[in-house]
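See structure below.
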Amino acid sequence: MMRCMVLLILTLTVMAAAWAAEVTRLDQFTYADDTALHAVWSPMFPEAPLSLWVGQAPGGGNAMKFACPFTRGVQRGSGDRKGSLNLLRAGAIAFDFYVDDPAPIAYCSIYFHSGDGWYGHAFPFKKGWQHVVLSKGSFNIEEKPAGWDQVDTVRISAWNGKAQDTFCAIANL
């Protein structure tokens with residue numbers, strides 16, 4: 001009887017780990033062109049446009065490039081992806097992130113809007129590509145989000161640190 005109980009607990013633990021490790025690809029940036037990208041993603045500020053960066057992501061895939069024209073006084077280079085997402089079962093958010101020149105950037109962040117609030121997380125950055133993994137439990141809560149199962153917007157941002165232009169890119173979200 002004791003062995004059956006131990007076996008049952010072990011089986012349930014393995015099943016829970018497999019369930020929690022589910023991977024959902026939010027965006028691989030496989031758009032045909034900038035027009036197709038703009039049908040899904042939009043810049044927060046028109047002065048900071050978004051574009052498809054073909055074949056430049058790690059592994060040779062595409063990325064979304066976003067301008068950070070800080071000499072124009074833009075607060076942040078930023079892209080928004082609208083659409084309903086259920087991220088309740090996600091344990092972490094992972095993506096590849098590129099910074100052309102980190103000097104003018106104060107910080108970078110990713111946000112998930114839900115209900116009347118946001119889940120947000122700043123992340124470290126450096127010149128070139130880096131793989132970023134952020135535990136969902138470490139996100140900050142702003143205002144009153146409705147829950148990870150009711151996400152309606154993803155926002156990626158690089159914040160103005162000084163009046164110098166650069167660009168960033170995101171891939172494999």
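By the 4.5 Å heavy-atom criterion applied to side chains, Ile170 and Asp27 are not counted as neighbours. Counting heavy atoms from C-beta on, the side chains of Cys108 and Val132 never come closer than 4.5 Å. Looking at Glu143 and Asp116, their side chains never come closer than 4.5 Å, going by heavy atoms from C-beta outward. A heavy-atom distance below 4.5 Å is not found between the side chains of Asn62 and Leu37. Under the 4.5 Å side-chain criterion, counting only non-hydrogen atoms from C-beta, Thr153 is not in contact with Tyr111. With contacts defined as side-chain heavy-atom distances shorter than 4.5 Å, the pair Phe125/Gln130 qualifies.
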Open item on the list: One pair to check against side-chain hydrogen bond (donor to acceptor under 3.5 Å, both in side chains): Thr71 and Asp165. What are the steps and the verdict?
Closed with: CA-CA 6 Å; Thr71 57; Asp165 295 340; 2.9 Å; yes
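Both Phe29 and Ile110 belong to a single network of hydrophobic side chains, linked directly or stepwise wherever heavy atoms of I, L, V, M, F, W or Y lie under 4.5 Å apart. At a threshold of 4.5 Å between side-chain heavy atoms, the hydrophobic network of Ile, Leu, Val, Met, Phe, Trp and Tyr places Met64 and Leu85 in one connected group. Phe45 and Phe167 are not part of a single hydrophobic cluster, where members link through side-chain heavy atoms under 4.5 Å apart. Follow the hydrophobic side-chain contacts under 4.5 Å out from Val99 and you never reach Met44; the two are in separate clusters. Hydrophobic clustering (side-chain heavy atoms under 4.5 Å, transitive across Ile, Leu, Val, Met, Phe, Trp, Tyr) keeps Val74 apart from Trp159.
In this model, a donor atom of one side chain and an acceptor atom of the other lie less than 3.5 Å apart for Gln28 and Asn172.
Applying the 6.0 Å contact sphere to CG of Asp33 captures more than 12 heavy atoms from other residues, nucleotides or ligands.
Using modelled atom types, one side-chain atom of Lys127 and one backbone atom of Asp100 make a donor-acceptor pair closer than 3.5 Å.
Just one residue in the list Trp148, Phe112, Phe139 forms a ring-ring contact (aromatic ring centres under 6.0 Å, His included) with Tyr119, and that residue is Trp148.
With sequence neighbours excluded, no residue satisfies side chain to side chain donor-acceptor pair (under 3.5 Å) with Asn160.
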Contacts under 3.5 angstrom, residues 48-61 side chains, donor-acceptor by atom type, not counting sequence neighbours:
none

